[in-house]
Structures are given as C-alpha cells and as structure tokens.
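Excluded from the calculations below are hydrogen atoms, water molecules and symmetry mates; all remaining heavy atoms, backbone and side chain alike, are included.
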Amino acid sequence: MSAFQVTLPSGAEWTPTFVQELNEDKCIGCGRCFKVCPRGVLELVGLTEDGERIHVDMDDDEDEEYEKKVMTIAHQELCIGCTACAKICPKKCYTHAAAEV
C-alpha cells in the first residue's frame, strides 16, 4: 500500500495528512482549532468531574456544569488533510497521518 497523494496544478505531488488523534489531556479547550476547521470535524465538549461529556454552547459560556472544556474529533471522516487545526493549536494536541490506499 502507498500513501494517498494529490497532484497539484503546478505538477508537484502533495501527501495530505489527516487528523488521527487529539490529546485531550493537553487540550485547554480554547476553540481555536474549531474556528479554523472548514469541515466540521471537531466539537467542543465539557467534562464533568466524573469524566462525563456534555454539550457546550459556544455562544453561551455561562453554563458551569463541567470542570473543563476539551476539543474532540467528532467527524474524522470529514477531514480533508489541511492540518489547520494542528497549525493553530497552542498546545500541539494533534496527530496527523497520511491515508493508505
């Protein structure tokens, strides 16, 4: 098997790397990656003290039912391999890899 590659208009080959993992222990829930992802791959959730995941309303941050916020990979299948999430992440939480074909 080989890595999935794209031929750019310039003729150069590009190997996109797709999001594989997000280290929730390092994540500070800042939401920067969520804002730059063009495909809806990510979702911000709250973690209760029991470790339960609950929905977080990005527009209404007054809900304190959770201990901390973390980003999750909600729709990995929508990732296009742009790595914008990893480039903007201040804590370097993301792992990307090429797709095998």
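- Tracing side-chain contacts under 4.5 Å through hydrophobic residues (I, L, V, M, F, W, Y), one never reaches Val70 starting from Tyr94; they form parts of separate clusters.
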Exercise for the section: In sequence, state the C-alpha distance, the side-chain angles, and the governing distance for Phe4 and Val6, and then conclude on side chain to side chain contact (heavy atoms under 4.5 Å, CB included). Expected result: CA-CA 7 Å; Phe4 171 74; Val6 175; 3.7 Å; yes
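- Separation of atoms CD (Glu100) and OG (Ser2) is listed at 7.0 Å; rounding is to 0.5 Å.
- A distance of 6.0 Å separates CD1 in Ile80 from CZ in Arg39, rounded to the nearest 0.5 Å.
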Exercise for the section: List the steps, then state whether side-chain hydrogen bond (donor to acceptor under 3.5 Å, both in side chains) holds for Glu13 with Thr7. Expected result: CA-CA 5 Å; Glu13 294 286 324; Thr7 302; 2.7 Å; yes
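- Residue Cys37 comes nearest to Leu42 through the heavy atom pair CB-CD1, 4.3 Å, listed as atom of the first residue, atom of the second, then distance.
- Atom CZ of Arg53 and atom CG of Leu44 lie 11.0 Å apart (nearest 0.5 Å).
- With respect to Glu24 and Lys69, no salt bridge is recorded, no charged nitrogen being found less than 4.0 Å from a carboxylate O.
- Counting heavy atoms from C-beta outward, Glu65 and Ile54 have side chains that approach closer than 4.5 Å.
- The shortest heavy-atom contact between Phe18 and Ala99 is CE1-CB, 3.7 Å.
- Formation of a donor-acceptor pair under 3.5 Å by the Thr72 side chain with backbone atoms of Glu43 is found in this model.
- Of the inter-residue distances, the one linking Cys79 atom SG with Ile73 atom CD1 reads 8.5 Å to the nearest 0.5 angstrom.
- Residue-environment remark: CD (Gln76) exceeds the threshold of 12 foreign heavy atoms within 6.0 Å.
- Rounded to the nearest 0.5 angstrom, Glu67 CD and Glu49 CD are separated by 5.0 Å.
- With a 4.5 Å cut-off on side-chain heavy atoms, Pro90 and Cys30 count as touching.
- When hydrophobic clusters are built by joining Ile, Leu, Val, Met, Phe, Trp and Tyr residues whose side-chain heavy atoms come closer than 4.5 Å, directly or via intermediates, Leu78 is grouped together with Met71.
- The line from SG of Cys33 to CG of Leu22 is 6.5 Å long, rounded to the nearest 0.5 Å.
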Practice task
Report the C-alpha separation of Tyr66 and Val56 in whole Å, then their side-chain angles, then the decisive distance to 0.1 Å, and conclude whether the side chain to side chain contact (heavy atoms under 4.5 Å, CB included) test is met.
Solution key: CA-CA 9 Å; Tyr66 47 84; Val56 172; 4.0 Å; yes
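- Counting all heavy atoms, side chain and backbone alike, Thr15 lies closest to Ala98 at CG2-CB, 3.7 Å.
- Other residues, nucleotides and ligands contribute over 12 non-hydrogen atoms within 6.0 Å of the NZ atom of Lys68.
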Practice task
Any chance you could lay out the side chain to side chain contact (heavy atoms under 4.5 Å, CB included) test for Cys85 and His96, step after step, and finish with the verdict?
Solution key: CA-CA 10 Å; Cys85 55; His96 286 76; 3.5 Å; yes
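- Pro16 and Gln5 get closest at one heavy-atom pair: CD-CA, 4.5 Å.
- With hydrogens and angles ignored, the 3.5 Å screen pairs a side-chain donor or acceptor of Asn23 with a backbone N or O of Asp25.
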